[in-house]
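Step one of this worksheet: look at the structure below.
Throughout, a chain's letter reflects where its sequence line sits, starting with A, and its residues are numbered from 1.
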Amino acid sequence: MCGRFTLKTPARDLIAALDLASSDRQLGLFEPRWNIAPTQQVPVVRLDGGAREAVAMRWGLIPSWSKEPGKGAPLINARSETVAEKPSFRTALKRRRCLMPADGFYEWQESGGKGAKQPFYIHRKDDGPFAFAALWECWRSKEDPAAAPVESCTLVNTEAVGWMTEIHHRMPVILEPKDFDVWLDPELQEAGPLAPLFAPAEHNELVAQPVSTYVNKATNEGPRCVEVQKTLF
DNA sequence: CCAGACGTTGTT
DNA sequence: GTCTGG
DNA sequence: CCAGACGTTGTT
DNA sequence: GTCTGG
């Protein structure tokens with residue numbers, strides 16, 4: 001599972017890595033963040049009339065049919081194994097795929113027994129940015145049609161493989177830049193061609209480092225979140 | 001036909 | 001919205 | 001994901 | 001325990 005991540009790469013570098021048209025509006029989206037938590041606004045990249053655009057939306061997908069948005073567990077992850085069938089996700093998988101830019105994420109490792117969990121920060125060896133496979137949705141209030149629609153998103157996850165299994169058994173799907181166009185193509189509406197993108201891959205370009213529980217508190221921010229620290233156990 | 005569910009994680 | 005259960 | 005709150009009555 | 005907030 002992936003329940004926290006970072007996006008601290010300078011905006012200009014992100015705009016280049018994601019092949020976005022630069023604009024003042026996009027620059028504002030990419031303020032450096034070390035502790036992005038569920039329900040917060042996050043930048044995602046989608047196609048808008050054929051061009052990639054970056055927009056902010058709530059992390060925690062709200063199905064369009066939801067009566068009370070925000071009720072229940074937030075849908076921050078979608079299992080790749082079932083995403084094409086689940087009512088909450090299947091329409092978004094067909095027509096509303098997006099990239100969720102990140103440059104690292106956190107996973108909490110359970111100790112054998114009870115009690116403390118050890119957070120790890122997982123990032124590229126070169127600390128560069130990448131993109132999670134993500135979906136977005138648009139929710140409109142039925143009681144108040146004049147209210148602003150709420151856009152929200154979720155990231156697709158898969159089975160962890162390789163060294164990552166020692167930390168956690170699930171991991172986010174990280175897309176190769178060569179696959180960005182296929183993932184974003186709204187004309188492509190069958191799940192078949194998308195399945196290979198979900199294949200669990202050994203991410204040899206990624207490394208994990210233990211960090212302090214400072215990151216646990218969602219309001220804690222800054223480089224201290226990713227400082228290396230001796231493991232708790 | 002209408003009513004009710006619709007998600008993930010992890011733990012037991 | 002769309003599917004399942006009754 | 002983790003942290004933190006979680007209730008009512010009545011009185012001032 | 002379970003729900004809400006970030």
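- Comparing the C1' positions of D/dC2 and B/dT8 gives a spacing of 15 Å, expressed to the nearest Å.
- Nucleotides B/dG7 and E/dG6, compared at atom P, are 27 Å apart to the nearest Å.
- With pairs defined as Watson-Crick or G-U wobble and both atom distances under 3.5 Å, the stems of at least three pairs that touch DNA chain E come out as D:1-6 with E:1-6.
- Looking at A/Lys8 and A/Asp13, no side-chain N of the basic residue comes within less than 4.0 Å of a carboxylate O on the acidic one, giving no salt bridge.
- Interatomic distance, A/Arg95 CZ to A/Glu137 CD, rounded to the nearest 0.5 Å: 9.5 Å.
- One interatomic measurement links the two molecules: CG of A/Leu61 to C1' of B/dC6, which rounds to 12 Å at whole-angstrom precision.
- Distance check, rounded to the nearest 0.5 Å: CZ of A/Arg4 to CH2 of A/Trp108 gives 4.5 Å.
- Between A/Glu53 and A/Arg46, at least one side-chain nitrogen of the basic residue sits less than 4.0 Å from a carboxylate oxygen of the acidic one, meeting the salt-bridge criterion.
- Exactly one residue among A/Trp59, A/Phe130, A/Phe105 makes a ring pair (Phe, Tyr, Trp, His ring centres under 6.0 Å) with A/Phe5. That residue is A/Trp59.
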Report all interatomic pairs (protein N or O, nucleotide N or O of nucleotides 1-6 of chain C) with separations under 3.5 Å.
{"from": "C/dG1", "atom 1": "N2", "to": "A/Trp65", "atom 2": "NE1", "distance (Å)": "3.4"}

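- Between the A/Arg58 side chain and the A/Gly60 main chain, a donor and an acceptor come within less than 3.5 Å of each other.
- Taking the P atoms as reference points, E/dT2 lies 14 Å from B/dT12, given to the whole Å.
- The two residues A/Leu93 and A/Ala191 have their closest heavy-atom pair at CD2-CB, 4.4 Å.
- Heavy atoms of A/Pro63 sit nowhere under 4.0 angstrom from any nucleic acid atom.
- Listed here is the closest heavy atom pair of A/Leu29 and A/Pro43: O-CG, 3.9 Å.
- Atoms CG (A/Asn157) and C1' (B/dT8) sit 8 Å apart, rounded to a whole Å.
- Atom CZ of A/Phe180 and atom CG of A/Asp19 lie 9.5 Å apart (nearest 0.5 Å).
- Between the CG atom of A/Leu135 and the P atom of B/dG7 there is a distance of 13 Å, given to the nearest Å.
- Atoms CD1 (A/Ile167) and P (B/dT9) sit 17 Å apart, rounded to a whole Å.
- In this structure, the CE atom of A/Met1 is 13 Å from the P atom of B/dT11, given to the nearest Å.
- Contact detail for A/Val211 and A/Gln229: the closest heavy-atom pair is C-CB, 4.0 Å.
- If you check every strand for non-hydrogen atoms under 4.0 Å, A/Tyr106 touches nothing.
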What N/O pairs connect the protein and nucleotides 1-4 of chain B at under 3.5 Å? Give each pair on its own line.
none

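- Here the shortest heavy-atom pairing between A/Phe30 and A/Pro101 reads CE2-CG, 4.5 Å.
- Across all strands shown, A/Pro119 has no heavy atoms under 4.0 Å from either base or sugar-phosphate atoms.
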